[in-house]
Amino acid sequence: MSLRSRLTVLPWGATTSAWDGYERAWGYAVMDLPFSSGHVLGLRVFPQTDFGGYVSVWHRDPGGAWAQYVDRAPLEAGCPRVWGPALDTAAPARIGVEWTGPMELTVTMDDPELRWRLEVEETWLLRVLNALHAPLPLGTWRHRALVAVRERLLKILGLGAVSLSGEAPTGVHLVAALREMFWVSTSTAVLDGRDLGAPTVLEDCPTIGGWPLPRRGVLAVGEAHATTPDREEYRRLRRRVLDRG
C-alpha cells in the first residue's frame with residue numbers, strides 16, 4: 001500500500017457536485033489529530049472544488065479557539081466558507097504538503113510556523129472496510145439512514161460520535177462522504193517553536209461549531225458536499241477565482 005503513489009498524482013482544477021444546489025470538495029484530509037499538549041491539528045488537501053484546488057491547515061489551541069489557514073484560494077473559497085462562524089482566526093498562509101514516504105506525510109506552514117510529520121497505516125480491518133465501502137455509489141450518502149449506519153461504524157471503530165452529515169456553522173447542509181480511512185500511527189508537530197507532544201485519544205470528540213470530529217487521528221480520502229445558500233454570490237465568486245487562475 002502506498003498513499004504517496006495515489007495521492008500525489010491527483011488532478012487539480014475546478015469541479016462541481018453531482019447534487020443540484022451543492023458545492024463539492026474532493027481529495028483527502030487528516031480530519032483532526034489531538035496531541036497530549038491539548039492542541040489539535042487538521043489538514044485538508046482538496047485538489048478539486050468548485051473554485052479550484054486548495055490546501056488548509058486547521059488548529060485548535062488548548063483553550064478551544066479554532067483557526068483555519070488557507071493556501072491557493074481566497075478565504076471565502078476555502079474551508080472558512082463552511083466553518084467561518086466557528087473560527088477565531090481565518091488567514092491565508094503558505095502551506096507545503098510533501099509525501100516523504102509511501103505512508104508518511106510532512107506539512108509545513110510559514111505563519112504561524114509549523115512543521116508537522118505523520119505516518120498512517122491501514123490495518124487489516126480498515127483494509128476490508130475500505131475495499132467494501134469505496135465502491136459504493138455517491139447516492140448512498142443522500143439517505144440519512146445509510147449515513148447513520150456509517151456514523152455508528154465509526155463509533156464502533158473508536159472514533160466517537162462523529163457527524164458525517166448535518167448543519168455546518170454557516171447554516172449550510174454538509175455531507176462528509178468518506179471513502180477510505182487510515183489511522184495516524186505516529187506524528188510529531190512543532191508550532192511556533194513549541195512541541196505539541198504525542199498523539200493522543202481524547203475521551204470525547206473535539207467539536208468545531210458543534211460539529212463532532214474524531215477523537216483520534218485519522219486520514220480520510222473522499223469528498224464533501226455542501227449546499228449553496230446564495231447562488232448569485234456563488235457565481236460571482238466562481239468567476240472571480242477561476243478567472244484569476
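The basis for the numbers below is simple: all heavy atoms, side chains too, and nothing from hydrogens, waters or symmetry mates.
Nearest heavy atoms, L164 versus V147: CB-CG1, 4.0 Å. Contact between D88 and A65 at its shortest, heavy atoms only, is OD2-CA, 3.2 Å. Of all non-hydrogen atoms in L3 and V120, the two that sit nearest each other are CD1-CG2, 3.7 Å. Considering all non-hydrogen atoms of both residues, G38 and R60 come closest at O-NH2, 3.8 Å. Y54 and D71 make their closest contact through CB-O, 3.2 Å (heavy atoms, listed as atom of the first residue, atom of the second, distance). When all heavy atoms of M181 and L178 are compared, the pair lying nearest together is SD-CD1, 4.2 Å.
Tested against P92, the residues L75, D111, V70 include a single side chain to side chain contact (heavy atoms under 4.5 Å, CB included) partner, L75. Exactly one residue among T108, D192, L41, V190 makes a side chain to side chain contact (heavy atoms under 4.5 Å, CB included) with L114. That residue is L41.
Of the possible donor and acceptor atoms, one in the side chain of T49 sits under 3.5 Å from a partner among the backbone N and O of G52. Of the possible polar contacts, one joining the R44 side chain to the V30 backbone as a donor-acceptor pair under 3.5 Å is found. Here the side chain of T140 pairs no donor or acceptor atom with the backbone of L136 at under 3.5 angstrom. The backbone N or O of H59 sits nowhere less than 3.5 Å from a side-chain atom of Q68 that would complete a donor-acceptor pair. Checking side-chain atoms of S185 against main-chain N and O of E121 turns up no donor-acceptor pair under 3.5 Å.
For the atom pair L126 CG and F182 CZ, the distance stands at 8.0 Å (nearest 0.5 Å). Rounding to the nearest 0.5 angstrom, the gap separating the CG atom in L153 from the NE2 atom in H133 is 8.0 Å. Rounding to the nearest 0.5 Å gives a distance of 7.5 Å between OG1 of T100 and CZ of R117. L7 CG to S2 OG: the interatomic distance, rounded to the nearest 0.5 Å, is 8.5 Å. One finds the CD atom of E119 at 9.5 Å from the CE atom of M103 (value rounded to the nearest 0.5 Å). How far CG of L237 is from CG of D50: 9.5 Å, rounded to the nearest 0.5 Å.
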Where do W116 and S187 land on the side chain to side chain donor-acceptor pair (under 3.5 Å) test, with the steps shown first?
CA-CA 7 Å; W116 177 20; S187 183; 3.0 Å; yes
Let's go through L174 and E167 carefully: what are the C-alpha distance in whole Å and the side-chain angles of both, what is the deciding distance for side-chain contact (heavy atoms from CB on, under 4.5 Å) to 0.1 Å, and is it a yes or a no?
CA-CA 6 Å; L174 175 66; E167 184 176 314; over 6 Å; no
Can you check side-chain contact (heavy atoms from CB on, under 4.5 Å) on V107 and V55, steps first, answer last?
CA-CA 10 Å; V107 181; V55 179; over 6 Å; no
E151 vs K155, side-chain contact (heavy atoms from CB on, under 4.5 Å): CA-CA, chis, key distance, verdict:
CA-CA 6 Å; E151 291 172 341; K155 192 169 185 179; over 6 Å; no
Evaluate side-chain contact (heavy atoms from CB on, under 4.5 Å) for V172 paired with T228, printing each intermediate quantity in order.
CA-CA 7 Å; V172 301; T228 300; over 6 Å; no
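Put simply, the side chain of T106 does not reach to within 4.5 Å of the side chain of W99, judged on heavy atoms. Two residues are said to be in side-chain contact when any heavy atoms from C-beta on lie closer than 4.5 Å; W58 and W83 meet this criterion. Side-chain contact between P112 and L191: present, with at least one pair of heavy atoms (C-beta onward) separated by less than 4.5 Å. Looking at heavy atoms from C-beta onward, W26 lies in side-chain contact with P11 at the 4.5 angstrom threshold. Looking only at side-chain heavy atoms (C-beta outward), D32 and P34 come within less than 4.5 Å of each other. Inter-residue side-chain proximity for L159 and W183 is flagged as met; some heavy-atom pair is nearer than 4.5 Å.
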Check: residues 200-223 side-chain donor-acceptor pairs under 3.5 Å, at least two apart:
from	atom 1	to	atom 2	distance (Å)
W211	NE1	S163	O	3.2
R215	NE	G158	O	3.0
R215	NH1	L202	O	2.6
E223	OE1	R24	NE	3.0
E223	OE1	H225	NE2	2.7

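One finds a salt bridge joining R6 and E180 here, because a Lys/Arg side-chain nitrogen approaches an Asp/Glu carboxylate oxygen to under 4.0 Å. Salt bridge present: E76 and R240 bring a charged side-chain N and a carboxylate O closer than 4.0 Å. Electrostatic pairing of E23 and R238 does not count as a salt bridge here, judged by no charged N lying under 4.0 Å from a carboxylate O.
A cation-pi geometry, defined here as NZ or CZ lying under 6.0 Å from the six-membered ring centre and within 45° of its normal, holds between R72 and W12. Taking the centre and axis of the six-membered ring of W141, the NZ or CZ atom of R150 falls inside the cone set by 45° and 6.0 Å.
Placement of W66 and L33 in two distinct hydrophobic clusters is found when ILVMFWY residues are connected by side-chain heavy-atom separations under 4.5 Å, directly or transitively. Hydrophobic clustering, with ILVMFWY side chains joined whenever heavy atoms are under 4.5 angstrom apart, groups L105 together with V57. A continuous path of ILVMFWY side-chain contacts below 4.5 Å connects Y69 to L196, so both sit in one hydrophobic cluster. Criterion: ILVMFWY side-chain heavy atoms under 4.5 Å apart, direct or through other members. Under it, M109 and L43 are part of a common hydrophobic cluster. M31 and V184 are members of different hydrophobic clusters when ILVMFWY side chains are connected at heavy-atom separations under 4.5 Å.
Under the 3.5 Å distance criterion, with hydrogens and angles disregarded, a donor-acceptor pair is assigned to the side chains of Y22 and H173.
Here F51 and Y234 bring their ring centres to under 6.0 angstrom of each other.
With side-chain heavy atoms closer than 4.5 Å counting as contact, directly or through intermediates, V149 stands alone and belongs to no larger hydrophobic cluster.
Sparse packing is recorded around CZ of R94, with 12 or fewer heavy atoms of other residues, nucleotides or ligands lying under 6.0 Å away. Few gaps surround CD on E233; more than 12 heavy atoms of other groups in view lie less than 6.0 Å from it.
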